[in-house]
Participant: 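This is the structure, below, for whatever I ask next.
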Amino acid sequence: MYSRSMEILVGAFMLLGIAALAFLAIQVSGLSLNPSNRDTYQISATFTNVAGLTTRAKVSIAGVTVGQVTAIHLDPMSVRAVVDMSIQKQVDYLTTDSIAAIKTAGVLGDQYVSISVGGAPEMLQNGDVITDTQSALVLEDLVGKIITTLGTNN
Amino acid sequence: MLDHVQRFGHQGLSVLTGFGRAGIVLWQSMWGAPDWRAGPGLLIRQLYFIGVYSLVIIVVSGVLIGMVLALQGYTVLVRFGAESALGQFVSLTLLRELGPVVAALLFVGRAGSAVTAEIGLMKATDQLAAMEMIGVDPLKRVVRPRLWAGIISMPILAQIFNMVAILGAVVVGVNWLGVDAGSFWANMQNTVEFREDVLNGSIKAFSFGVVVTWIAIFQGYDAIPTSEGISAATTRTVVHSSLAVLAMDFLLTAVMFGVD
């Protein structure tokens, strides 16, 4: 009914499929098999305004990506936005007085969280909260402010 | 007036019985103990005819579609000086939509129609009836290997399609149009998420494979055993499968990538 060459070709077909999936995983989606990048710990930060920040946005220190935003929700008590972030485990030198700021890559680029490390002796642990934050720059507010200032000057 | 209502009701009932028969054929051919005497040979033979034979059209179309995407994407993106985003444009389009859908449509034309015609002709020449006479279940012997071969082949073909299309886009974008290779790949890797894009695309391809093969085997099994009946069944396979693929693609997209 079937020959050996048919078996070989079907096997090659299957292998080609697996190779394609591996190519898509590693080369296209940049899936890393390096476990050090997957070992993370969670911190969060509270902002008065997170306008435009989305989950999976980058978290960076001095422009180097060290983690990503995992969730954004509203704290009903303080009515501030709470941004949960997962940070790579090897980045264990975030001090308790670190400052988190929401910045924009380029004029119209994606928003990301930038953390500036301070000088306190204690380090942030899993579950800690950064309260010293700079909120997102909302372009509309800025334009509004400029217009009102110009209006009062006249 | 009453005639119209009657005809409408009749049509509705025949659609329902059609779905019922299709469901029974799918259920009976999909499950049950494998036929050990025949070994894996039946499945491998079908994988060969359904999967390996579809490889040429999948690879050629994939390369060409990737090249066209890169060319069109480049002419639009270069106007905004954003040609380095070509990688993410091409890969997201392919992984999320174009890869599974186009591969499924090609698969319908290449393999689905062939399966329908083959099973239909077996029915028309009483081969299926002869099998039943000697105590061999044609659903197990004829239909099941084709069904599983289709379900296995479709996701593989879709991933191969995606791979060669992205490589085609690299040839046009990077080698001919001069997009920087580093930013091409880096932008792609930054935006493409394995779970979100690659796995969801694979789920799409898998569901298309099930539906397309199901329609193909059912139309063949249910064909009126005449030459006109087989030709009508083959046409129905292509039309129904294509519509089913496009409709399911919309539903799956809405579920997977729709509102967060």
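Owing to the predicted nature of the structure, the values given are computational and were not obtained by experimental measurement. So you know, we letter chains A, B, ... as the sequences are listed, proteins then strands, and number each from 1.
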Participant: Does NZ belonging to B:Lys123 count more than 12 external heavy atoms closer than 6.0 Å?
Facilitator: yes
Participant: Considering residues, nucleotides and ligands other than B:Phe194, do more than 12 of their heavy atoms fall under 6.0 Å from its CZ?
Facilitator: yes
Participant: Do A:Arg80 and A:Asp75 meet the salt-bridge criterion of a basic N to acidic O distance under 4.0 Å?
Facilitator: no
Participant: Which bit of B:Leu199 is near chain A, if near means a heavy-atom gap under 4.5 Å: side chain, backbone, both or neither?
Facilitator: neither
Participant: Identify which of B:Ser202, B:Pro155, B:Ser153 forms the greatest number of heavy-atom pairs closer than 4.5 Å to chain A.
Facilitator: B:Ser153
Participant: Could you tell me which portion of B:Ile160 (side chain, backbone, both or neither) has an atom closer than 4.5 angstrom to a non-hydrogen atom of chain A?
Facilitator: both
Participant: With a 4.5 angstrom heavy-atom cut-off, is it the side chain or the backbone of B:Leu47 that approaches chain A, or both, or neither?
Facilitator: both
Participant: Among B:Val212, B:Thr213, B:Leu105, exactly one meets side-chain contact (heavy atoms from CB on, under 4.5 Å) together with B:Ser241. Which residue is that?
Facilitator: B:Val212
